[in-house]
Amino acid sequence: MSTHPEHHQATRRVTYLSIWVNCLLGIAKVITGTIVGSAALVADGVHSFSDLVTDSFVLTAAHYGRQGPDQDHHYGHGRIETLATLFLGSVLIFVAGGIAWSSLNRLLVGADIPPPGLWAMLLTAFALLAKEWLYHVTRRIARRIDSKLLEANAWHHRSDVLSTGVVMIALVGSQFGVAWLDTAAAILVGLLVGKVGWELLWDAGRELVDTALPEAEQQRMREVACETPGVEGVHDLRTRQSAGRTMLDLHVVVSPRISVSEGHEIGNEVSRRLRNAFPALTDLTFHVDPEDDSGEGDPSRFPGLPLRPDIESELADRWSGHEVWPQIHELELHYLDGRVTVVACLEESAAVDSEQARRELDAAARDLTWYSHLEFRRLLTAKAS
């Protein structure tokens, strides 16, 4: 859902309009259906009330979509909407079961169903036209503000048009003596209400168990990331959804010899491109890797390599007696292939046979299990103009 204030207001206005229409239609259908004895019209009235559930979700998403994480909810408040969806979806299924059971019982006992009359059919025709109008209004605004949530709600209005059309056929049939059509239509509408409840439960359940995005969409995310300059690969890409939002974790492989800041900026650019390509992406965490370690498991569960203080101490024990040791300006450490490559940085003017010194120091450190090899690098000295 867009966070633009004008889009938020447009969403609220059209959703409140839908709430008023559904509420008025629901009351009118239930009262008229009760008076004329039409189970189908009463069931369609309950269906109209169930549409208030969807409208409420749209308002909730619009409200919470504008609120960022806080001290107690670091990932936002989307799960609150998910829990509400589970509860209301369950309620809808129970309501659907009650409608279907009551209607089936009337059919089995052969209850007398009187003709509904002209007013019931006129009300149903009005409801059909009202929902079709609501569909067009909602879909037009959804396209204008590019809201997938409103688009889905618009198509829900269109499904209501179809269910109301079924009830219209049932009423006409009852009016002309085909009474069983009313009961059959009531059962069908009950099933439609149950379908809405089941879809809400299913979608909410998938969110709660952190179901990933479709594989095709994940592959598109990999392609966007890999197209970023400096990216040599992507692995351990993981996605999950919450209240219409997408969360993404991924590892970005970069050249092992670039600076930490350059690698981090490459990751930032990956993040920018993914957010532009996938507007629903609201939470993205990237990890910069100097090599592809996919499939090797969580590194925190295995013994690690020594860090700089221990490395410098062990190297000093072996190299401090060599004539080149005082001329080493700094050490660069590269953790690659499960070992540490040491790059000794010398001043450009250092008078030393680099290759001979490298062989001697390399031989002195060969007993270290973590040690890979030694390289020398000359530091260029800025020349005065």
Side-chain angles (χ1 to χ4, degrees), residues 14-56 91-140 152-197 199:
V14 73
T15 306
Y16 277 126
L17 174 63
S18 177
I19 288 174
W20 277 107
V21 171
N22 285 322
C23 189
L24 292 175
L25 289 178
I27 293 173
K29 289 176 184 178
V30 169
I31 293 176
T32 305
T34 302
I35 292 174
V36 302
S38 172
L41 193 55
V42 172
D44 199 39
V46 175
H47 192 189
S48 294
F49 285 130
S50 73
D51 294 341
L52 298 176
V53 175
T54 305
D55 294 333
S56 298
V91 171
L92 285 179
I93 289 178
F94 279 111
V95 170
I99 292 173
W101 175 256
S102 175
S103 302
L104 184 61
N105 186 59
R106 291 181 64 185
L107 183 62
L108 292 176
V109 300
D112 183 37
I113 303 175
L118 179 62
W119 286 108
M121 290 187 287
L122 288 176
L123 172 61
T124 305
F126 174 78
L128 192 150
L129 294 174
K131 293 297 289 188
E132 180 69 13
W133 170 75
L134 198 57
Y135 158 76
H136 287 286
V137 171
T138 305
R139 192 158 187 244
R140 184 172 64 251
N153 205 30
W155 283 107
H156 187 219
H157 294 322
R158 172 56 66 84
S159 71
D160 295 341
V161 174
L162 299 177
S163 68
T164 302
V166 171
V167 173
M168 187 67 181
I169 294 173
L171 293 177
V172 173
S174 298
Q175 183 68 27
F176 290 96
V178 190
W180 61 268
L181 275 179
D182 183 89
T183 303
I187 295 174
L188 180 59
V189 173
L191 292 176
L192 290 174
V193 175
K195 179 176 179 292
V196 173
E199 289 176 348

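Any value given below was found using the heavy atoms of this structure, including those in side chains, with hydrogens, waters and symmetry copies removed.
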Review point. If every non-hydrogen atom of Leu123 is compared with every non-hydrogen atom of Thr32, which pair is closest and at what distance?
Key: CD2-OG1, 3.4 Å

Check your understanding: Picking from Asn22, Val21, Val14, Leu17, what satisfies side chain to side chain contact (heavy atoms under 4.5 Å, CB included) with Asp55?
Key -> Asn22

Review point. Roughly how far, to the nearest 0.5 Å, is CG of Leu25 from CZ of Phe49?
Key: 9.5 Å

Exercise for review: Might you point out which heavy atoms bring Leu134 and Ser18 nearest each other, and give the distance in Å?
Suggested key: CD2-OG, 3.6 Å

Review point. Atom OG1 in Thr124, atom CG in Leu128: separation rounded to 0.5 Å?
Key: 8.5 Å

Check your understanding: Roughly how far, to the nearest 0.5 Å, is the CH2 atom of Trp133 from the OG1 atom of Thr138?
Key -> 8.5 Å

Exercise for review: Would you name the heavy atoms of Lys29 and Ala127 that are closest together and state the gap between them?
Suggested key: CE-CB, 3.5 Å

